[in-house]
Amino acid sequence: MKDKVKTAAEAVSVIQDGASIMVGGFMGCGTPEILIDALVERNVRNLTIICNDAGVPGRGVGKLVSNGQVKTLIASHVGLNPEVGKRMTCEEPEDRIECILVPQGTLAERIRAGGTGLGGFLTPTGVGTIVAEGKQVLHVNGRDYLLELPLRADFALLRGTITDTFGNITYNGTTRTFNQVMAMAADHVIVGTCEIAEIGAIDPNNVMTSGIFVDSIVGGEKQWQI
Amino acid sequence: MKDKVKTAAEAVSVIQDGASIMVGGFMGCGTPEILIDALVERNVRNLTIICNDAGVPGRGVGKLVSNGQVKTLIASHVGLNPEVGKRMTCEEPEDRIECILVPQGTLAERIRAGGTGLGGFLTPTGVGTIVAEGKQVLHVNGRDYLLELPLRADFALLRGTITDTFGNITYNGTTRTFNQVMAMAADHVIVGTCEIAEIGAIDPNNVMTSGIFVDSIVGGEKQWQI
Amino acid sequence: MADIKEIIARRVAKELKDGDVVNLGIGLPTMVANFLPEDVHIVLQSENGIMGMGPAAEPGKEDVDIINAGAQYVTVLPGAQFFDSATSFGVIRGGHVDATILGALQVDKHGNLANWIVPGKMVPGMGGAMDLVVGAKKVIIAMQHTQKGAHKILDECTLPYTAINVVDMIITEMGVMEVTPDGLVLTEIHPDFTLDQVQEATECKLIVSPDLKPMK
Amino acid sequence: MADIKEIIARRVAKELKDGDVVNLGIGLPTMVANFLPEDVHIVLQSENGIMGMGPAAEPGKEDVDIINAGAQYVTVLPGAQFFDSATSFGVIRGGHVDATILGALQVDKHGNLANWIVPGKMVPGMGGAMDLVVGAKKVIIAMQHTQKGAHKILDECTLPYTAINVVDMIITEMGVMEVTPDGLVLTEIHPDFTLDQVQEATECKLIVSPDLKPMK
């Protein structure tokens with residue numbers, strides 16, 4: 001089988017301007033900083049970023065925002081990154097970010113649907129709110145639900161704790177977050193990992209993401225402070 | 001917190017005639033035999049059983065079928081239990097089983113939807129077949145999907161490998177199957193487990209089913225031959 | 001009057017039963033865990049992936065891989081579980097969280113909730129709030145009764161909804177209100193306030209419970 | 001002629017590429033794994049919860065917690081993963097299985113498949129077949145060309161469908177057929193048969209590829 005282990009620069013070299021990219025993590029915890037750094041270095045522009053939040057300036061997705069690489073941000077919360085607010089309303093079209101807010105549970109489920117071949121799902125979340133605007137409402141078993149559609153991306157950048165050379169991943173603590181569903185919902189998946197292990201080193205019962213989803217493995221991730 | 005550890009007879013004593021019961025496992029592998037045995041002993045009737053399959057005579061759900069306790073069976077495959085075929089067409093209304101066949105992936109996803117508060121989901125599985133009869137077809141993003149609805153039950157009988165006294169469960173090998181989604185989709189959940197461990201004995205990263213879903217824990221399960 | 005936040009948090013704590021699975025919002029709700037009776041052990045859920053969250057990590061002893069939804073380093077208790085975001089919101093939306101406690105910008109007599117958009121200000125996003133209030137078995141709003149004198153408990157919310165018909169109970173420094181089909185029923189009143197004062201601080205007409213008790 | 005099943009399984013094996021994720025049906029399809037070239041390593045998925053399944057367990061060395069979808073004791077290879085049924089069919093329906101190989105009662109020129117109901121016989125259930133053929137990137141039907149002389153490759157299936165428009169390729173002891181918008185294209189023919197013989201054994205009109213090759 002092909003060797004998936006690469007440098008960060010090699011791994012992100014496939015990402016072009018205008019790409020859609022899912023990034024794992026929650027407030028930076030569980031985000032692959034080394035892959036973000038390589039993406040800043042590569043300086044591709046007009047990206048659509050799908051991530052729980054916008055990180056903070058200088059951390060996680062926040063680095064891409066500060067560097068002006070993000071055109072569209074699909075997230076559940078961007079409040080801890082004031083730079084996003086500025087760019088949402090800025091005059092320069094080149095620096096402006098369009099921000100699409102999605103309830104966190106709906107975001108996770110839309111990504112899961114994208115990765116598991118579902119055409120959509122019915123959720124009670126958002127009924128009667130502005131989240132429902134433009135969406136089909138279905139009445140099932142006496143209750144209203146929004147029809148939410150699947151979400152996929154060209155790329156996913158994951159953050160693993162231990163990854164074997166086939167790409168099987170485990171995540172420690174609360175670094176798991178969106179990484180697990182994103183692994184299935186992107187055409188090309190890159191994992192930045194703290195440790196690269198021999199194939200077979202992870203108990204098959206405890207593999208959290210299968211290596212079949214993973215295209216590239218990059219070592220050197222750390223346990224970052226937030 | 002309350003003590004959840006019980007004998008099999010105590011644990012199933014809450015199950016009454018006419019109950020709907022989800023049972024984990026696949027061809028008997030991952031089915032809690034000690035709980036099935038206690039249910040045969042208790043001899044409650046007119047049960048609706050939701051299980052991947054009908055087991056085989058003398059094993060798993062097959063014991064309930066042979067004992068005439070099953071009125072309705074919701075499963076993806078019943079071919080390895082000839083007794084089901086006989087009872088589907090038998091003359092005696094008391095012995096007759098109604099069998100509702102559901103594609104395996106749709107069955108798993110309907111149970112997941114039942115446990116996770118979704119009102120339904122759109123699947124391409126079954127479009128254009130008799131599975132689609134009576135179901136709403138939605139056309140989304142250029143493709144037809146069936147709207148499938150959630151499935152819940154009064155009880156779930158799970159089979160764990162190691163369970164701590166809070167009810168956190170791990171499953172070994174291919175015993176996991178439907179146990180994980182069923183844990184969330186029933187009002188009352190009983191686990192039969194090979195080993196009962198102290199709380200905290202399972203690495204929080206590797207807990208597969210949270211103890212919050214589990215009402216009763218019964219020790220004494222074994223690694224059964226099929 | 002004692003610290004307003006503490007009054008509220010102490011009262012909210014009494015709503016929680018031993019074994020309850022609870023999600024606490026950021027800020028005041030987090031204080032609730034400090035006022036639980038000795039014999040009440042709740043299971044704290046954090047939507048970023050913890051069941052069985054413990055107290056904040058001691059300085060110098062943080063595990064940087066373990067944060068809560070407010071991005072603070074926390075601990076986990078024995079019997080905890082870590083999980084991914086889809087599972088986390090499956091638990092929440094599926095009704096497996098017994099109670100969620102959070103603040104509000106506005107609540108109205110129908111149990112509608114507005115707590116995420118202030119017109120003219122940057123919209124930070126709803127995070128997990130919309131899922132939590134729709135999914136939790138019991139939604140308790142814990143907040144100060146008014147905002148600089150302005151009503152927050154209204155006939156109809158004027159700010160964009162977080163969700164409709166979801167609030168079960170409102171607990172403020174003035175009293176305890178339950179949402180019923182007939183409107184808000186005042187079930188407890190804090191001894192520092194009169195009925196008139198509470199009504200004046202509330203836009204919608206309060207139904208006073210025939211069994212009105214002092215709030216402790 | 002060599003063993004019919006072996007002929008079919010050998011030819012199917014050539015459709016698989018190194019690294020492919022493959023789900024093999026019970027029976028003939030399972031034989032395919034025996035005929036892979038040395039340098040082709042596929043990842044076998046078993047829908048009851050294995051990614052990276054190995055050969056059947058040696059007698060006396062079975063782990064009774066590990067079975068395949070045919071309820072046989074199997075082994076797993078280094079790098080394997082166990083998972084639950086919802087995840088398993090998420091993988092399948094999500095298009096992460098590169099190829100599924102299974103038998104059929106009938107296939108027609110539109111790529112419609114019937115392989116689960118024989119009228120008048122007990123209906124055993126579709127199991128995971130409907131999800132597999134809808135979800136897998138490539139659906140290969142591996143079967144004998146006829147059933148006791150009766151056509152199985154038809155203009156239109158007469159038995160209830162397993163799924164519509166899903167079959168990509170049919171491999172029998174007589175040849176290899178690809179499903180195209182124009183109908184079935186015969187791309188390879190087994191040297192033991194003539195074109196007339198193959199056509200006679202097939203109800204629908206076969207389009208003979210201008211590039212027809214011998215089946216090996």
Side-chain angles (χ1 to χ4, degrees), chain B residues 24-30 52-54 56 75-82 84-86 88-89 99 101-113 115 123-132 161 171-182 194 208-209 222-226, chain D residues 26 46-51 53 62-76 80-95 110 112-117 121-135 157 159-166:
Chain B
F26 186 107
M27 300 311 306
C29 184
N52 176 63
D53 52 74
V56 291
S76 82
H77 200 278
V78 298
L80 293 195
N81 189 340
V84 173
K86 268 184 240 157
M88 280 166 70
T89 52
C99 194
L101 292 168
V102 181
Q104 199 169 127
T106 298
L107 183 62
E109 198 67 19
R110 286 183 62 193
I111 296 167
R112 181 182 180 275
T123 179
T125 303
V127 169
T129 75
I130 59 174
V131 167
T161 299
Y171 310 97
N172 183 46
T174 56
T175 65
R176 198 174 330 180
T177 62
F178 283 74
N179 286 294
Q180 213 170 343
V181 281
M182 288 175 173
C194 298
M208 297 174 189
T209 291
K222 292 182 189 140
Q223 292 192 289
W224 309 94
Q225 297 278 344
I226 298 174
Chain D
I26 297 166
S46 188
E47 65 263 32
N48 61 316
I50 310 175
M51 187 66 74
M53 183 168 62
E62 301 92 348
D63 178 341
V64 298
D65 278 353
I66 305 177
I67 65 170
N68 67 11
Q72 298 164 308
Y73 295 120
V74 293
T75 57
V76 295
Q81 181 196 22
F82 296 116
F83 39 74
D84 80 297
S85 298
T87 302
S88 182
F89 283 91
V91 170
I92 287 168
R93 215 179 28 235
H110 311 289
N112 299 327
L113 170 66
N115 74 348
W116 74 292
I117 295 181
K121 289 202 180 173
M122 181 209 173
V123 179
M126 67 294 277
M130 285 191 177
D131 302 279
L132 270 163
V133 296
V134 165
C157 290
L159 297 176
Y161 294 133
T162 302
I164 55 172
N165 303 314
V166 292

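FYI, side chains are in, hydrogens and waters are out, and symmetry mates aren't considered; it's all heavy atoms of this structure. In what follows, chains carry the letters A, B, and so on, assigned in the order in which the sequence lines appear, proteins first and then strands, with residues in each chain numbered from 1.
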| For the candidates B:Gly85, B:Pro103, B:Gly126, which exhibits the highest count of non-hydrogen atom pairs separated by less than 4.5 Å from chain D? | B:Pro103
| said: As an exercise, state the distance from NE2 of B:His77 to SG of B:Cys99, rounded to the nearest 0.5 Å. | reply: 10.5 Å
| query | Of the backbone (N, CA, C, O) and the side chain (C-beta and beyond), which part of B:Thr89 lies under 4.5 Å from a heavy atom of chain D, both, or neither? | reply | neither
| Side chain, backbone, both or neither: which part of D:Ser46 has a heavy atom under 4.5 Å from chain B? | neither
| field | Selection from D:Gly125, D:Gly127, D:Ala86, D:Ser88 maximising heavy-atom pairs under 4.5 Å formed with chain B | value | D:Gly127
| task | From the options D:Asp84, D:Asp65, D:Asn48, select the one residue that forms a side chain to side chain contact (heavy atoms under 4.5 Å, CB included) with B:Arg176. | result | D:Asp84
| query | What option among B:Val127, B:Thr161, B:Thr129 has the most heavy-atom pairs under 4.5 Å with chain D? | reply | B:Thr129
| task | Give, as side chain, backbone, both or neither, the part of D:Ala69 having an atom under 4.5 angstrom from any heavy atom of chain B. | result | both
| note | Whatever's closer than 4.5 Å to a heavy atom in chain B on D:Ile92 counts as neither
| message | Show, in sequence, the C-alpha distance, side-chain angles and deciding distance for D:Phe82 and B:Thr174, and conclude whether the side-chain contact (heavy atoms from CB on, under 4.5 Å) test is met. | response | CA-CA 6 Å; D:Phe82 296 116; B:Thr174 56; 4.1 Å; yes
| request: Please assess B:Ile130 against D:Trp116 for the test side-chain contact (heavy atoms from CB on, under 4.5 Å), listing each intermediate value before the final yes or no. | output: CA-CA 11 Å; B:Ile130 59 174; D:Trp116 74 292; 3.7 Å; yes
| query | Run the side-chain contact (heavy atoms from CB on, under 4.5 Å) check on D:Phe89 and B:Thr123 step by step: do they pass? | reply | CA-CA 11 Å; D:Phe89 283 91; B:Thr123 179; over 6 Å; no
| field | Pairwise side-chain contact, D:Val76 with D:Ile66, heavy-atom cut-off 4.5 Å (strictly under) | value | yes
| query | Contact part of D:Ile117 toward chain B, heavy-atom cut-off under 4.5 Å: side chain, backbone, both or neither? | reply | side chain
| message | For D:Glu62, which atoms come within 4.5 Å of any heavy atom of chain B: side chain, backbone, both, or neither? | response | neither
| message | For D:Asn165, is there any backbone N or O sitting under 3.5 Å from a side-chain donor or acceptor partner on D:Asn112? | response | yes
| Considering only heavy atoms, which portion of D:Asp63 lies under 4.5 Å from any heavy atom of chain B: side chain, backbone, both, or neither? | side chain
| task | Can you tell which part of B:Val131 gets under 4.5 Å to a heavy atom of chain D, answering side chain, backbone, both or neither? | result | side chain
| request: Using a 4.5 Å cut-off on heavy atoms from C-beta on, say whether the side chain of B:Leu101 contacts that of D:Met126. | output: yes
| said: Is D:Val74 in contact with chain B via its backbone, its side chain, both, or neither, using a 4.5 Å heavy-atom distance? | reply: neither
| Residue B:Gln223 versus chain D: region with a heavy atom under 4.5 Å | both
| Which of B:Thr106, B:Thr175, B:Thr177 touches chain D most, by non-hydrogen pairs under 4.5 Å | B:Thr177
